[in-house]
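What follows is a set of notes on a single structure, which appears directly below.
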Amino acid sequence: MNSQFEYKKIEKKWQDHWENSETVKCDLKSDKPKFYNLCMYPYPSGDLHMGHIRNYTIGDVITRYKQMNGFNVLSPMGWDSFGLPAENAAIKTGIHPREFTEERIANMKSQIIRLGSLYDWDREVAAHSVDYYKWTQHLFIKLFENDLAYKEDAPVNWCNSCRTVLANEQVIEGSCERCDTAVEPKNLNQWFLKISEYSEELLQGLEEIGDWPENVKTMQRNWIGKSEGSQFELNIIGTDLTFDVFTTRPDTLFGMTFAVISPEHELIDLIMEQSEKKDEIQNYLDSIENKSEFERMSITKEKTGVDTTLKVTNPITNEEVPLWIADYVLVNYGTGAIMAVPAHDERDYEFAKKYDIEIRQVIIDNEKTINVDNEAFTGNGVLMNSGEFNDLSSHEEASKKINEFLVKNKIGDEKTTYRLRDWLISRQRYWGCPIPLINCEDCGLLPEKYENLPVLLPEIKDYINTDGSPLSKSKEFVETDCPKCSKKALRETDTMDTFVDSSWYYMRFLDPKNEKEPFNSNFINEWLPVDQYIGGVEHAILHLLYSRFFVKALRDLGLMTIDEPFHNLFSQGMINFGGAKMSKSKGNIVDPEEYFATHGADALRLYILFMAPPSDGVEWNDGGIEGTKRFLNKLWDNLLKIINQEDTEKELSEDDKSLERKINQTIKSVTQHFERFEFNTAVSDLMKFNNDLSEYLKHDSILPKELKDVLIKNILILLYPMSPHMASEIYESYFDSDISTEKWANFDDSKLENPMYELVVQINGKKKHAIMVETGIEEDDAITLCESNFDINFKEAKKIIFIKDKIINIVQ
RNA sequence: GCCCGGGUGGCGGAAUUGGUAGACGCGACGGACUUAAAAUCCGUUAUUCGAAAGGAUGUGGGGGUUCGAGUCCCCCCUCGGGCACCA
């Protein structure tokens, strides 16, 4: 063993070793208990940033810790390698996205290896590889055949500068996230996956799922957005036109003084025909069309609308009330039309005030003091102005009764709606998985035959979307034969959202080389759900929800029997720099590579674990990395000193016993912290122990051989998951074997307790004195001891409280 | 606006879930070694009064419960995140 921790040499040595060792090659059929440990696969941006380092360090701690605990750990890694950045680079530089992407994957892979994390690289997958996207297409066709994928006209976000559609999540406050151009709505024939069919199950599943952060579950619940209420029909007086409205507040039905229908509602043209003010309505509709989606959706915008001059009947009062068209009613939520109750809904109130529509109060607070002259009242109370329903309590009781009325009179029914919409997966982009469908004039829309997959991404020169998707530029690609009648037919030219690729990659890891099917179902049923999933909180909704949907859909197709993809989820917090998320475009990336060079991977790993609780977001600050490097150097020195001591057999001295207790206490504490993902305090436990060791060595004590071995072994095992290079090196040089084959450390219960401890003496809960006493001291003896040492009158105490034998509190 | 999290020394953060607040680390200050610097080592480091012993104050602010509150309850301020005309 060298006199110094030469991290560069040592890290290289062990990384080479791990690459060729069986340490992480997972045999799925082993009879050890399984543990699927998964870090979210990265988009290959080219360089690791600190967020990746944090993610993969946490993941690696779990891999190594679980291995030592006897689990057969599967820890794979791959690439989310389709997507817009490669395509934009191609537009700029002319370099093919494939070439560009693969170069970046190679670079990132070498950095991941440089971090020293264990991955079973034999299972590596990349979303853009033909072997992978062939099966993405296969699964897509399965969904299509089972009515879970469909094509429909829909508005999309179009960026006219990038000449492409954008996903909702790429639209930041109404503008393109890349070029800041205002996004325009555009109607296109689009592909959707029927995630909404699973709304209820996706919501329910959150109750039964494993250990997920509460905030992620809440975000998913909100996204799914379940509301319960009533739905009923309104008839336009003097016509045979009817439409449904949905409300969560049937208790306010008597207060409905108008109805509103969305400008995009399917009845709009018919309504316009019936209206006396056709021109006004047309003008209004035109004005809406010129507004961007963002403008329309903005809550701060003043509400606008137009009176149709038509009337509808309030079904419970039979009164005639006006029908308006207004864009504050959204066509794609509920029924696209509402009953408006201005007295008890803020939006309706604002609209009614502006257009001078009657505001009728039908609920009053229990103290009967509120009126609606100045604002809407949305709170609880009792019904008024509501006929036979007066004095019922709102919302629940009255809602229930009025709903019963609607049902009894066949006007309406109970109804549950969800905000979750179907998942729009079409992208008019090049660098994605082609949608494997064919349009035949005679036979309609048909999937490519399974045996003809993959539908290869064509080679084209110009990646810009000018008129139609980039794939439409390849005649060879577009023109094909109908799989049914063999006549000339045309391929779909859209590609899939990359979230489709990432919805099933964790399945492919289980069977990455299968050439006959996307995966063997037995592996899926045995190995899924993933036991521990680790990734950034930014994927709390989209990726995690889509993957959950995928599993449920594929289960219903008979491909698997599991219900959820990820059992336990750990969301690490983001690492920001300069107050912002690190990103290339902001130029605030901190490059981990320089720390590999100046401090080493072990010190960087340790620091990133130590700097904050892993679930907290942190501002990057490298001030402390010096500290973890110092710690490793000191530990190396201390262990070297111990190793160089002559082997001796002797009785344990008090110092030895104290050190023995400390290692046992440290094992217990580190193990507890690991189980709870509290790596920051696990690191501090090791530092504390190392300080104790330094103190011990100052006394020129010689450790008896047996304790020496126990101590070296255990401290290295505790260190190994977090700083595996150094732990492996010292372990090998002293014990001449590979630490990765060791079992996790056990502590000895009988060697945890200190023989003496400090008894704290409180008066009225306030610390006044402290005195060293023997462990197990009787309470009476403790009192006697305190009486003789301190000026306390125990006889006059109202109460004497012993707290966990550690504190004696005298209440006076 | 609504829904989640937070607020503890100069800084990152500990605190067994109601029981010694400030572990561990960074930084700073003083000292040793050195011709010097770096590295390393030894001390000090919440604030405040005090020469010291020792005392007082102290976990965003205000109130409360309790022998005892960073931790529980009520009100307020503030920062971060998510959703946002969802009927």
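Numbers restart at 1 for each chain; the letters A, B, ... are given by sequence-line order, proteins then strands. Treat the numbers as computed from the prediction; the structure is a model and nothing was measured.
No side-chain heavy atom of A:H265 sits under 4.5 Å from any side-chain heavy atom of A:T335. Proximity of A:L253 to A:V362: side-chain heavy atoms (C-beta onward) are nowhere separated by under 4.5 Å.
Within the structure, every side-chain polar atom (N or O) of A:T417 is placed at least 4.0 Å from both OP1 and OP2 of B:A87. At the phosphate of B:G25, OP1 or OP2 sits under 4.0 Å from a side-chain N or O atom of A:N691. Between A:K217 and the phosphate of B:G82, there is no side-chain N or O to OP1/OP2 separation shorter than 4.0 Å.
Ion pairing of A:K226 with A:E200 is present here, as a side-chain N (NZ or NE/NH1/NH2) and a carboxylate O approach within less than 4.0 Å.
Rounded to a whole Å, the CG atom of A:N809 is 13 Å from the P atom of B:G19. Atoms CG (A:L545) and P (B:G82) sit 17 Å apart, rounded to a whole Å. With rounding to whole Å, A:E214 atom CD is found 18 Å from B:G82 atom P.
Not a single donor-acceptor pair, N or O on each side, falls under 3.5 Å between the base of B:C67 and the side chain of A:K799.
Base pairing annotation: B:A56 forms a Watson-Crick or G-U wobble pair with B:U47, both donor-acceptor distances under 3.5 Å.
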What are the atom names and distances for every N/O pair under 3.5 Å that joins the protein to nucleotides 37-48 of chain B?
{"residue": "B:C42", "atom": "OP1", "partner": "A:K698", "partner atom": "NZ", "Å": "3.2"}

Show the distances under 3.5 angstrom between N or O atoms of the protein and N or O atoms of nucleotides 11-17 of chain B.
{"residue": "B:G12", "atom": "O2'", "partner": "A:M611", "partner atom": "O", "Å": "2.4"}
{"residue": "B:A14", "atom": "OP1", "partner": "A:N680", "partner atom": "ND2", "Å": "2.9"}

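Using a 4.0 Å heavy-atom criterion, one finds that A:E758 contacts the bases of the nucleic acid, with or without backbone contacts as well. Residue contacts for A:I807: at a heavy-atom cut-off of 4.0 Å it reaches the sugar-phosphate backbone alone, with no base atom in range.
A:K662 forms no cation-pi arrangement with A:F689, by the criterion of a distance under 6.0 Å to the ring centre and an angle within 45° of the ring axis.
For A:F351 and A:F258, the gap between ring centers is short of 6.0 Å.
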